[in-house]
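Worth saying up front: this structure is predicted, and the values here are computed from it rather than measured. Naming: A, B, ... by sequence-line order, numbering from 1 per chain.
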2 protein chains.
Amino acid sequence: MAYATIRDVAQQAGVSVSTVSRALNDSGRISERTRARINQVIKELHYVPDSRARSMHSPHSRTIGLLIPDIRNSYFADLAYLIQGELLAHGFQTLICTSTQGDSHESRIQVRNLLGQHIDGAIIVPGPRSQETLDELTRRGLPVVYVDRTSGDRRQVDGRPVPSIDSDPLPGLRDAFKDLVKHGHSRITMVPGPLEESGTFREREEVFDDLLNQMDDLQDPTRDVACTRNDTPSKEGAFNPELLRQWRNQGVSAVIFGRSQDAIQVIKACQAIGIGIGRDLSIVTFDDLPVFRILTPAIATISQQIDSMGTRCVRMLLNLMAGSQTDSVRLKTKYLHRASVGQPPGQAGQYP
Amino acid sequence: MAYATIRDVAQQAGVSVSTVSRALNDSGRISERTRARINQVIKELHYVPDSRARSMHSPHSRTIGLLIPDIRNSYFADLAYLIQGELLAHGFQTLICTSTQGDSHESRIQVRNLLGQHIDGAIIVPGPRSQETLDELTRRGLPVVYVDRTSGDRRQVDGRPVPSIDSDPLPGLRDAFKDLVKHGHSRITMVPGPLEESGTFREREEVFDDLLNQMDDLQDPTRDVACTRNDTPSKEGAFNPELLRQWRNQGVSAVIFGRSQDAIQVIKACQAIGIGIGRDLSIVTFDDLPVFRILTPAIATISQQIDSMGTRCVRMLLNLMAGSQTDSVRLKTKYLHRASVGQPPGQAGQYP
DNA sequence: ATGAAAGCGCTAACAT
DNA sequence: ATGTTAGCGCTTTCAT
């Protein structure tokens, strides 16, 4: 139960604590003999240096905080996995904090905990909590990197913006659009995701709107769609079972989802009431989760380069901690066509 | 960048450090006036007490280590989520450590890190690493609970066994068996999962074998299956694409998976080569992941009560930390029939 | 009710 | 090459 201390080791080895400390850190000169003796004792006593006491001297705790909305989402789980691995490779520990999306009380506690640990930096997926609590972190000039989402134009105490790494929805969204049009869809709508939660969802919606407008001159029918969207009862931007009926009434034949959870909801709902995905309704969603590949039909996705997101954000943070200026990064999204995109109903046989 | 210290607060408030400390801990008597003044200064300075320095006095760090094999597995992600939430509710921080399953070097580092943090206890999903590294934790008499799997009959330094909470495969497996037989299957096999990784998989296999033997008197055909299994080239127990051909040759019409990953592999493989699940091949798998509900056909599962597993293991650990004897717990598994279980090919129309 | 002083486990000057 | 001494930020006697 009782942890052995450096003093126990010193005593047992018949040397002073500082000698043991030196042996621990390879600092200063030590005779091979005493070093061997000390290591011997360390083994015997199963001594492990107390990293807390250790970190009180250096300004570094070699611990990075990772704040993610919900680890149960496989997208974030992947991200966490990658980040923890990368950090470990650089000798840092990761303190993963997941908080229930909405619960600002809980997230406040989490942030407090992080701060209390005197973390060296933080990697954050900004959620709705951001504005309220994140200042607590950035205020002190703690190196922080935003991942997957940006969060307005938050600035650190020194006036520098918090660098972020996220993905540019345009390339993927554009190609998704093209693919849908190619398949004959003219009434396309979007379920962006909870708009109030992150600017990411808002941006996806805006880009979608822009694309619609650009198509305007070429594809008259899509015009209607823009109107369609305003009638949407889910102002929040998340999916809502009511939407299915509405789409049917308005002749919407394709939907793009800004958030995988919503897509999954729709897939379930469609299965329940017998709407054939890829036939009655074509869908595309952001985030290329493993699930989407094994569903029948497979779901077309707009993939974010999650691997490089994970590794690069760590690099960015380490850069920041080293004091160098670090710019925000946008990764390209990539559209992956799959069978969930088919022709609109009533056009069967028209197109290969 | 610089964190405010208790001294800064004391100075600013014009009191001594000990007074501030008292205000922080609600210990001792303090006049309302100074307390208010101190809290005021704390706010102004954004002071957060250093939990490391704090925990050096009490023998408690109020931090629990959580060791899980792979956070990307939604089953473990769920578990981690539940556990972290429950611990937070009890005022504990969770240090989540995920390590690549096989990498014993990495897991050793992780364990070192945990130990260095002077964690108050640990919740562990024992993996292959167990035997080698877990002793490091239990040896000191650190309160440890095993979750989801047991790990041989490891004992702590005081001779007490490490309590574990896992699930009894029998109820679910028995019902799965019944259901398969009811649907007319007589050649059933199992892919238990990586046997060397955990006794859990071995147990599932053994229970499966027992069930086969029990059926022996009643159902002659299942006898063949027992033989089938021994020919299996994957001694490790994990799925292997070769198996599909083999099953076809041997007339295996139903497979039970001890591990969801293997089931997912098979589903993919079947899709690729056009084997119809629930028609050509019936499958059942452990772990009722969300994926299995939305696949078509939906996959029959043997569900573990993950929610109570998550909350109860925390209770067990807290109990242990409080010094009380704690027994191991086995939760019941439950079979959930879904469309992935149909009749064997060639018997269509025979059974409703 | 508050302050002074000792000490938690460790590191980092200073000695020697 | 090793020991002594002072802290790191905090809690906790023991005084006052």
Side-chain angles (χ1 to χ4, degrees), chain A residues 1-39 41-42 45-63 112-120 140, chain B residues 1-39 41-42 45-63 112-120 140:
Chain A
M1 192 64 228
Y3 287 89
T5 77
I6 196 174
R7 221 171 338 244
D8 300 329
V9 177
Q11 210 156 23
Q12 186 76 14
V15 293
S16 77
V17 272
S18 40
T19 310
V20 178
S21 175
R22 273 188 277 263
L24 252 39
N25 301 287
D26 298 313
S27 60
R29 285 158 293 276
I30 295 193
S31 80
E32 259 321 307
R33 232 176 106 247
T34 47
R35 146 167 290 139
R37 171 109 189 83
I38 287 172
N39 284 330
V41 175
I42 285 179
L45 266 47
H46 306 304
Y47 167 73
V48 178
D50 186 334
S51 64
R52 303 166 304 171
R54 220 170 187 182
S55 67
M56 289 188 60
H57 291 270
S58 80
H60 309 300
S61 59
R62 300 208 70 80
T63 300
R112 275 301 156 101
N113 283 342
L114 285 181
L115 248 23
Q117 296 288 343
H118 284 208
I119 51 172
D120 293 343
R140 292 168 177 74
Chain B
M1 191 65 231
Y3 286 89
T5 78
I6 196 175
R7 220 172 337 247
D8 300 330
V9 176
Q11 211 156 22
Q12 187 76 15
V15 294
S16 78
V17 273
S18 34
T19 308
V20 178
S21 176
R22 272 188 278 266
L24 251 39
N25 301 288
D26 298 313
S27 59
R29 285 159 293 278
I30 295 193
S31 79
E32 259 320 309
R33 234 176 107 246
T34 47
R35 147 167 287 138
R37 170 111 189 80
I38 288 171
N39 283 331
V41 174
I42 286 179
L45 265 48
H46 307 303
Y47 168 71
V48 178
D50 186 334
S51 63
R52 303 166 306 171
R54 218 169 189 182
S55 67
M56 288 186 60
H57 290 271
S58 81
H60 309 298
S61 59
R62 299 208 70 78
T63 300
R112 276 301 157 100
N113 282 344
L114 285 182
L115 248 23
Q117 296 288 343
H118 284 208
I119 51 172
D120 294 343
R140 293 170 177 73

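Under a 3.5 Å cut-off, the side chain of B:S21 and the backbone N or O of B:V17 do not form any donor-acceptor pair.
Taking 4.0 angstrom as the limit, A:R7 places a side-chain polar atom (N or O) nearer than this to OP1 or OP2 of C:dG9. Taking only side-chain nitrogens and oxygens, B:T5 never comes nearer than 4.0 Å to OP1 or OP2 of D:dG9. The phosphate of C:dC10 (OP1 or OP2) has a side-chain N or O of A:Y47 nearer than 4.0 angstrom. Phosphate proximity of C:dA1 to B:T34: absent, as no side-chain N or O sits under 4.0 Å from OP1 or OP2. OP1 or OP2 of D:dC10 has not a single side-chain nitrogen or oxygen of B:R54 nearer than 4.0 Å.
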What pairs of nitrogen or oxygen atoms, one from the protein and one from nucleotides 3-5 of chain D, lie under 3.5 Å apart?
residue, atom, partner, partner atom, Å
D:dG3, OP2, A:S16, N, 2.7
D:dG3, OP2, A:S16, OG, 3.1
D:dG3, OP2, A:T19, OG1, 2.7
D:dG3, N7, A:S18, OG, 3.4
D:dG3, N7, A:R22, NH2, 2.8
D:dG3, O6, A:R22, NH1, 3.4
D:dT4, O4, A:S18, OG, 3.1

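A straight line from CE of A:M56 to P of D:dA6 spans 18 Å, rounded to a whole angstrom. Taking atom CG on B:D50 and atom P on C:dC10, their separation rounds to 16 Å, with Å as the unit. Atom NE2 in A:H60 sits roughly 14 Å away from atom P in D:dG9 (whole-Å rounding). With rounding to whole Å, B:H118 atom NE2 is found 7 Å from C:dC10 atom P. Residue B:H57 contributes atom NE2, which lies 11 Å from atom C1' of D:dC8 at whole-angstrom precision. For the pair A:L45 CG and C:dG9 C1', the computed distance is 15 Å after rounding to whole Å. Atom CD1 of B:I38 is separated from atom C1' of C:dG3 by 12 Å (rounded to the nearest Å). Taking atom CG on B:N25 and atom C1' on D:dT13, their separation rounds to 15 Å, with Å as the unit.
Tested against B:L24, the residues B:T19, B:I42, B:V9 include a single side-chain contact (heavy atoms from CB on, under 4.5 Å) partner, B:I42.
For B:R35, the side-chain contact (heavy atoms from CB on, under 4.5 Å) partners at least two apart in sequence or on another chain are B:D26, B:I30, B:E32, B:N39.
The minimum heavy-atom distance linking A:R37 with A:A13 is given by the pair NE-O, 3.9 Å. In terms of heavy atoms, B:D50 sits closest to A:G116 at OD1-O, 3.5 Å.
Comparing B:E32 and A:S21 against DNA chain C, the residue whose closest nucleotide sits nearer the 5' end is B:E32. Residue whose closest nucleotide on DNA chain C sits further toward the 5' end, between A:A4 and B:S31: B:S31.
In this model, a donor atom of one side chain and an acceptor atom of the other lie less than 3.5 Å apart for A:R54 and A:N25.
Between B:S61 atom OG and A:R52 atom CZ the span is 6.0 Å, to the nearest 0.5 Å.
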